[in-house]
**Student:** 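Questions regarding the structure given below will be posed in turn.
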Number of protein chains: 2
Amino acid sequence: MGNASQSVKTKKAPEIMEASKPDTATRIQDVAERLFVEHGFEATSLRMITQQAEVNLAAVNYHFGSKDALFESVFMRRLAPLISGCLAELDELEQQGGKLEVEELVKTFIRPCLALSKDPSRGGALFVRLLSRTLVENHRQLREVISQQYSVFVQRYSVAFHKALPELGAEELAWRMHFAFSVMFNAFAGNDVLKIFVRSQVVSARDPDMIVKHLVPFVVAGLTSPA
Amino acid sequence: MGNASQSVKTKKAPEIMEASKPDTATRIQDVAERLFVEHGFEATSLRMITQQAEVNLAAVNYHFGSKDALFESVFMRRLAPLISGCLAELDELEQQGGKLEVEELVKTFIRPCLALSKDPSRGGALFVRLLSRTLVENHRQLREVISQQYSVFVQRYSVAFHKALPELGAEELAWRMHFAFSVMFNAFAGNDVLKIFVRSQVVSARDPDMIVKHLVPFVVAGLTSPA
DNA sequence: TTAGTATTTATATGTTTGTTTGAAACGGCA
DNA sequence: TGCCGTTTCAAACAAACATATAAATACTAA
């Protein structure tokens with residue numbers, strides 16, 4: 001009997017793959033990721049997921065244990081590598097010494113986001129949108145898991161920004177980081193507030209490179225503006 | 001029989017109000033507004049609403065016709081005055097002549113948002129949070145209604161910002177406005193991305209005046225940074 | 001091939017959803 | 001008072017929901 005609460009099995013890919021579909025569990029994750037983004041967690045039923053993934057309804061509970069556990073699995077699958085990528089860039093930047101430039105610091109966050117956005121095999125920009133939905137809906141249990149594992153992420157950036165902007169007080173810096181990450185997240189997620197009001201906006205071209213080109217100067221200007 | 005599709009009745013307040021509850025319809029709107037913010041549209045059941053509003057389940061369909069119509073009603077009740085407020089400020093600023101300063105332009109948007117955030121009788125910051133949820137969940141029909149009625153809002157600000165920042169091209173300006181409104185909306189909505197990762201952030205103090213104090217310089221710096 | 005496990009399937013349970021209904025209660029006006 | 005339009009009420013509806021279970025199938029190791 002398939003033990004429910006265990007995490008997704010690491011399974012050898014079949015030797016002979018006649019351009020076949022991925023794992024059942026992976027297929028579920030892929031479809032769930034997209035549907036959670038489109039409809040939100042609570043509005044996405046297991047029936048929608050299993051039908052589109054072309055698996056049996058019970059497969060979700062078999063492989064993941066529950067709908068909640070599926071969500072956590074879908075979420076962590078993308079979050080962990082993204083955070084690792086940012087921290088790796090941060091390590092590299094800090095180790096190469098010299099003055100810590102704000103722009104370079106911003107780019108240590110933006111580059112992994114950009115790479116993710118351009119990689120369809122990792123869901124492209126889907127995860128950033130999922131993140132922004134998760135931010136708005138608040139999954140308490142998920143928040144706990146995240147904050148337990150990744151609080152170092154914010155701490156590292158706080159320290160780094162403090163070094164790069166030593167003239168700012170702690171509170172002022174916290175506000176600016178709050179604003180900066182807010183813009184960046186929403187830019188990658190494609191949350192265009194103005195698009196509610198007008199049908200087609202110039203910005204609607206979703207080319208990630210274009211986002212970055214305009215995003216970096218905006219954020220850096222906000223962060224470095226005189227206190 | 002209470003005609004469903006008509007909008008909420010404008011009803012004279014009872015002459016003698018012994019500190020009584022508001023209208024049934026208003027009570028429903030107030031509770032729905034809060035619950036839509038907390039749980040999202042689809043995850044908020046009519047039973048949750050009617051129980052907390054202490055009205056009968058059928059009252060929603062009687063007064064508003066459907067759950068969708070209730071949402072539209074809840075949304076428009078706040079949006080219309082907010083937009084009007086912004087446009088009024090914009091009119092005043094433009095009529096007083098002189099060079100159009102970016103900071104003043106930004107404040108024509110921020111002041112009505114701030115006023116709304118500080119007015120509990122209009123739901124305080126609730127609506128901005130509702131707006132940011134609605135942005136992420138996409139109600140197609142609501143989007144249509146909004147864009148039909150309020151596309152002038154974006155057009156007016158586009159023209160004004162073009163005057164205030166004549167050195168910027170149309171595309172560059174669109175991007176910056178996109179970022180600027182994104183920060184402002186999320187700031188008022190209290191969407192703190194970093195709060196996912198760390199339990200208590202310095203920014204967590206939600207004083208609207210504090211938000212504005214730090215928000216304006218950040219946004220203005222981003223908007224006016226050299227091209 | 002066979003034994004045993006891993007996975008998939010069909011089916012069932014009990015709950016909750018939005019909406020509808022017909023009757024009861026209310027409130028102003030004759 | 002008695003009437004009548006407006007509002008509230010309890011009950012019921014089918015549809016969709018998450019989850020559980022046992023049988024059926026696919027697969028692997030011996």
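Order of the sequence lines fixes the chain letters, A, B, ..., with proteins taken first and strands second; residue numbering starts at 1 for each chain.
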**Student:** With a 3.5 Å cut-off and no angle check, do the side chains of S121(B) and D119(B) form a donor-acceptor pair?
**Tutor:**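 Yes, because at least one side-chain N or O of S121(B) sits under 3.5 Å from a partner of the opposite role on D119(B).
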**Student:** Please figure out whether R47(A) or E54(B) has its closest DNA chain D nucleotide nearer the 5' end.
**Tutor:**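 This one resolves to E54(B).
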**Student:** May I have the distance from I49(A) (atom CD1) to dT19(D) (atom P), rounded to whole angstrom?
**Tutor:**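 Whole-Å distance recorded here is 11 Å.
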**Student:** Could you check how far CG of D23(A) sits from P of dC27(D), rounded to whole Å?
**Tutor:**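 It is 12 Å, rounded to the nearest whole Å.
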**Student:** Give a yes/no answer on whether the side chain of T24(B) brings an N or O atom under 4.0 Å of OP1 or OP2 in dT8(D).
**Tutor:**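 So the side chain of T24(B) is within the cut-off, an N or O lying under 4.0 Å from OP1 or OP2 of dT8(D).
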**Student:** Nearest-nucleotide wise, let me know which of K67(B) and N56(B) is further upstream toward the 5' end of DNA chain C.
**Tutor:**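 On the 5' side of the pair lies K67(B).
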**Student:** For dA6(C), take OP1 and OP2 only and decide whether either is under 4.0 Å from a side-chain N or O of H63(A).
**Tutor:**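 No, no such contact exists.
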**Student:** In this structure, how many angstroms lie between the P atom of dA18(D) and the CG atom of L57(A), rounded?
**Tutor:**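 So the CG-P distance, L57(A) to dA18(D), works out to 8 Å.
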**Student:** I want to verify a distance call: between dT8(C), dA20(D), dT20(C), whose nearest atom is closest to the N61(B) side chain?
**Tutor:**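 Looking only at heavy atoms from C-beta outward on N61(B), the closest nucleotide is dT20(C).
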**Student:** Under 4.0 Å, counting only non-hydrogen atoms across every strand here, what does A59(B) touch: a base, just sugar-phosphate, or nothing?
**Tutor:**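 Nothing, no nucleic acid heavy atom in range.
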**Student:** Among the candidates dT8(C), dC9(D), dT19(D), find the nucleotide nearest to the side-chain atoms of S66(A).
**Tutor:**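 Selected nucleotide: dT19(D).
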**Student:** If you take all heavy atoms of F218(B) and V183(A), which pair is closest and at what distance?
**Tutor:**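 Taking F218(B) first and V183(A) second, the nearest heavy atoms are CE2-CG2, 4.2 Å.
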**Student:** With side chain to side chain donor-acceptor pair (under 3.5 Å) as the test, would you mind laying out the steps for Y62(A) and T24(A) before giving the verdict?
**Tutor:** CA-CA 11 Å; Y62(A) 174 75; T24(A) 296; over 6 Å; no
**Student:** Got a sec? Which of residues 32-45 of chain B come in under 4.0 Å of DNA chain C, heavy atoms?
**Tutor:**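 Of all residues in residues 32-45 of chain B, the ones placing a heavy atom under 4.0 Å from DNA chain C are T44(B), S45(B).
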**Student:** What one-letter contact string describes nucleotides 22-27 of chain C from 5' to 3', where B marks a base within less than 4.0 Å of any protein heavy atom, S marks contact via sugar-phosphate atoms alone, and - marks no contact?
**Tutor:** ------
**Student:** Roughly how many Å is it from OH in Y62(A) to P in dT7(C), rounded to a whole number?
**Tutor:**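 Going from OH in Y62(A) over to P in dT7(C) covers 4 Å.
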**Student:** Rounded to the nearest Å, what distance is computed from the CD1 atom of residue I28(A) to the P atom of nucleotide dT7(C)?
**Tutor:**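 Going from CD1 in I28(A) over to P in dT7(C) covers 12 Å.
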